[in-house]
*Asks:* 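My questions all concern the structure below.
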Amino acid sequence: MAQRIVRAKAKIRDAHIPYRVPDDSDLPERLDAVLAVLYLIFNEGYVATSGTELARADLSAEAIRLARLLAGLMPDEPEAAGLLALMLLTEARRAARTDADGALVRLADQDRSRWDASLVAEGRAIVRACLRRNRPGRYQLLAAINAVHTDPVTDWNQVLALYDQLARLDPSPVVALNRAVAVAEVDGPAAALRLVDGLGLDGYHLFHAIRGDLLARLGRAADARQAFEAAARLTQNQRERDYLLARRDALISPE
């Protein structure tokens with residue numbers, strides 16, 4: 001990365017490209033790209049692409065710092081606020097996402113007393129402010145979904161309704177996959193599996209992980225074991241792989 005920066009500086013110098021701080025009027029058209037990069041940084045901190053540890057707290061902290069800065073610079077942009085809320089509500093669960101040995105703990109199994117209450121409160125307050133603006137966007141909807149998960153009992157019908165809105169804004173296979181998780185809670189795993197099987201995400205490890213969970217809930221142990229094994233092969237994060245293989249091994253295939 002340092003070498004890339006040096007080469008970029010040299011190119012700018014040699015080509016006599018002027019350095020100019022963008023005017024306020026230039027910022028909105030650049031916002032989507034900036035938000036996307038910050039979200040990528042945060043996600044890499046939330047679940048590292050590779051390595052022996054599940055997450056990288058330093059990256060998540062830096063992404064939150066930059067998101068706060070951006071939301072402060074652009075207070076009239078609800079998506080900037082939405083991204084910050086999404087990060088805060090997700091970061092609030094960090095301490096509960098792993099056990100004493102560093103193994104992954106699913107959201108449903110987490111000890112909520114270990115969540116950071118101040119981050120939850122701040123994130124929920126930002127979500128409420130975004131709702132009052134009534135200018136929904138991708139990051140605001142994702143933040144709202146995470147806010148519902150911080151309720152004492154998750155209202156899956158509300159989560160599904162929010163995913164329905166998100167799917168209209170972002171009709172991507174990954175959004176459809178995450179929506180299927182909510183469908184499983186509302187309409188059952190069979191309905192969700194029918195949706196998942198049509199998504200064509202064979203190269204995405206979470207596709208196989210979610211399929212494995214749905215198949216296990218349907219009592220199809222052998223198929224679930226294959227799905228968890230496929231998911232484990234596709235991830236480069238050791239903690240995720242260990243978790244997926246443990247899910248596989250916990251299933252007993254029929255003779």
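The first residue of the sequence shown is numbered 1, and numbering continues consecutively from there. Hydrogens, waters and symmetry mates are skipped; everything else that's a heavy atom, side chains included, is used.
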*Asks:* Please round to the nearest 0.5 Å and tell me the distance separating atom CG of L73 and atom CG of L69.
*Replies:*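 Spacing of CG (L73) from CG (L69) equals 4.5 Å.
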*Asks:* Under 4.5 Å between side-chain heavy atoms, counting indirect links through other Ile/Leu/Val/Met/Phe/Trp/Tyr residues: same cluster for V159 and L89 or not?
*Replies:*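 No, because V159 and L89 fall into different hydrophobic clusters, even though each may have its own neighbours under 4.5 Å.
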*Asks:* Looking at D101, is its backbone amide N or carbonyl O close enough to the side chain of D99 to form a donor-acceptor pair, meaning the two atoms are under 3.5 Å apart?
*Replies:*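 Judged by distance alone, yes, a pair lies under 3.5 Å.
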*Asks:* State yes or no: do L86 and L88 share one hydrophobic cluster built from I, L, V, M, F, W and Y residues joined by side-chain heavy-atom distances below 4.5 Å, directly or via other members?
*Replies:*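 Yes.
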*Asks:* Rounded to the nearest 0.5 Å, how far apart are CG of L142 and CG of D170?
*Replies:*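 Between L142 CG and D170 CG, I get 8.5 Å after rounding to 0.5 Å.
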*Asks:* To the nearest 0.5 Å, tell me how far D223 CG sits from L251 CG.
*Replies:*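 If I round to the nearest 0.5 Å, the distance is 10.5 Å.
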*Asks:* Can you name the nearest heavy-atom pair linking G212 to A224, along with the distance?
*Replies:*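 Where G212 meets A224 most closely, the heavy atoms are O-CB, 3.5 Å.
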*Asks:* Using the rule that two of Ile, Leu, Val, Met, Phe, Trp, Tyr join whenever any of their side-chain heavy atoms come within less than 4.5 Å, decide whether V175 and L160 are in one cluster.
*Replies:*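 Hydrophobic grouping puts V175 with L160.
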*Asks:* Once rounded to the nearest 0.5 Å, what's the spacing between atom CG of L38 and atom CE of M87?
*Replies:*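 Rounded to the nearest 0.5 Å, the CG-CE separation comes out at 5.0 Å.
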*Asks:* What heavy-atom pair brings A190 and L218 nearest, and what distance separates the two atoms?
*Replies:*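 Closest heavy-atom pair between A190 and L218: N-CD2, 3.8 Å.
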*Asks:* Any salt bridge linking R97 with E91? Criterion: basic side-chain nitrogen under 4.0 Å from a carboxylate oxygen.
*Replies:*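 No, R97 and E91 are not salt-bridged.
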*Asks:* If we ignore angles and hydrogens, is there a donor and acceptor under 3.5 Å between the side chains of Y243 and R247?
*Replies:*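 Short answer, yes.
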*Asks:* Please report the shortest heavy-atom distance between L195 and A180, naming the atom on each side.
*Replies:*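 Of all heavy-atom pairs spanning L195 and A180, the closest is CB-CB, 4.5 Å.
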*Asks:* For a 4.5 angstrom cut-off between non-hydrogen side-chain atoms, does Q110 reach T98?
*Replies:*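 Counting from C-beta outward, Q110 and T98 never come under 4.5 Å.
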*Asks:* Check this for me: does any side-chain nitrogen of one of R114 and D111 sit under 4.0 Å from a carboxylate oxygen of the other?
*Replies:*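 No, R114 and D111 are not salt-bridged.
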*Asks:* Say whether V183 and L141 are linked into one hydrophobic cluster, either directly or through other cluster members, by side-chain heavy-atom distances under 4.5 angstrom.
*Replies:*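 In one cluster with V183: L141, yes.
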*Asks:* Do E77 and R135 have side chains that approach each other closer than 4.5 Å (heavy atoms only, starting at C-beta)?
*Replies:*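 They are in side-chain contact.
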*Asks:* Is any side-chain heavy atom of F42 closer than 4.5 Å to one of L59?
*Replies:*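 Heavy-atom side-chain distance check fails, nothing below 4.5 Å.
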*Asks:* How close do L31 and M74 get, heavy atom to heavy atom, and via which atoms?
*Replies:*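 Looks like CD1-SD, 3.8 Å.
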*Asks:* Backbone N or O of D32 within a donor-acceptor pair of the E79 side chain at under 3.5 Å?
*Replies:*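 Answer holds: no.
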*Asks:* So, applying side-chain contact (heavy atoms from CB on, under 4.5 Å) with E240, which one of L234, L245, L104 is it?
*Replies:*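 Of L234, L245, L104, side-chain contact (heavy atoms from CB on, under 4.5 Å) with E240 is met by L104 alone.
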*Asks:* Hey, what do you get for CD1 (I145) to OH (Y163), rounding to the nearest 0.5 Å?
*Replies:*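 OH of Y163 is found 4.5 Å from CD1 of I145.
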*Asks:* Should D116 and R93 count as an ion pair when the cut-off is N to O under 4.0 Å?
*Replies:*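 No.
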*Asks:* In Å and rounded to the nearest 0.5 Å, what is the CZ to CG distance from F207 to L177?
*Replies:*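 Spacing of CZ (F207) from CG (L177) equals 7.5 Å.
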*Asks:* Do you know the tightest heavy-atom contact between C130 and G82?
*Replies:*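 Minimum heavy-atom contact is SG-N, 4.0 Å.
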*Asks:* Quick check against the 3.5 Å criterion: does H208 have a side-chain atom that pairs as donor or acceptor with the backbone of E229?
*Replies:*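 Side chain of H208 to backbone of E229: no pair is present.
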*Asks:* Taking ILVMFWY side chains as joined if any heavy atoms are under 4.5 angstrom apart, and letting links pass through other members, which residues group with I12?
*Replies:*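 For the cluster that includes I12, the remaining residues are I17.
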*Asks:* Check whether any side-chain heavy atom of L70 lies under 4.5 Å from a side-chain heavy atom of L83, and answer yes or no.
*Replies:*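 SC-SC contact between L70 and L83 ruled out.
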*Asks:* Keeping D155 on the side-chain end and N157 on the backbone end, is there a donor-acceptor pair under 3.5 Å?
*Replies:*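 At least one qualifying donor-acceptor pair exists.
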*Asks:* Ion pair present between D213 and R217, side-chain N to carboxylate O less than 4.0 angstrom?
*Replies:*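 Yes, this pair counts.
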*Asks:* Taking atom types as modelled, find out whether E44 and T49 have a side-chain donor-acceptor pair closer than 3.5 angstrom.
*Replies:*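 The answer is yes; a qualifying pair exists.
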*Asks:* Indicate, with yes or no, if L107 and F228 share a hydrophobic cluster defined by side-chain heavy-atom contacts under 4.5 Å among Ile, Leu, Val, Met, Phe, Trp and Tyr.
*Replies:*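 No, separate clusters.
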*Asks:* Taking side chain as C-beta onward, heavy atoms only, is R220 less than 4.5 Å from L193?
*Replies:*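 Yes, their side chains come closer than 4.5 Å.
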*Asks:* Within a strict 4.5 Å, meaning less than it, do heavy atoms of the L214 and I210 side chains meet?
*Replies:*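 Yes, at least one pair of side-chain atoms sits under 4.5 Å.
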*Asks:* Does the side chain of R94 pick up a donor-acceptor pair with the side chain of S60 at under 3.5 Å?
*Replies:*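 Checked: R94/S60 side chains pair up, N/O donor to acceptor below 3.5 Å.
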*Asks:* Decide whether Y46 and R56 meet the rule of one side-chain donor and one side-chain acceptor closer than 3.5 Å.
*Replies:*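 The answer is no; no qualifying pair exists.
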*Asks:* Taking atom types as modelled and ignoring hydrogens, do the side chains of N237 and T235 form a donor-acceptor contact shorter than 3.5 angstrom?
*Replies:*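 Result is no, nothing qualifies.
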*Asks:* Does H149 have its ring centroid less than 6.0 Å away from the ring centroid of W156?
*Replies:*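 H149 vs W156: aromatic centres under 6.0 Å.
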*Asks:* Determine yes or no for a side-chain-to-main-chain donor-acceptor pair under 3.5 angstrom, with R211 supplying the side chain and D197 the backbone.
*Replies:*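 No, because the side chain of R211 does not come within donor-acceptor range (under 3.5 Å) of the backbone of D197.
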*Asks:* Using modelled atom types and a 3.5 Å cut-off, is there a donor and acceptor pairing between side-chain atoms of R225 and backbone atoms of R248?
*Replies:*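 Yes.
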*Asks:* Mind listing the closest non-hydrogen atom pair of L84 and A67 along with its distance?
*Replies:*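 Minimum heavy-atom separation between L84 and A67: CD1-CB, 4.1 Å.
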*Asks:* Is a side-chain donor-acceptor pair under 3.5 Å present for R168 with Q165?
*Replies:*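 Result is no, nothing qualifies.
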*Asks:* Between the side chains of T150 and R124, is a donor N or O closer than 3.5 angstrom to an acceptor N or O?
*Replies:*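 Short answer, yes.
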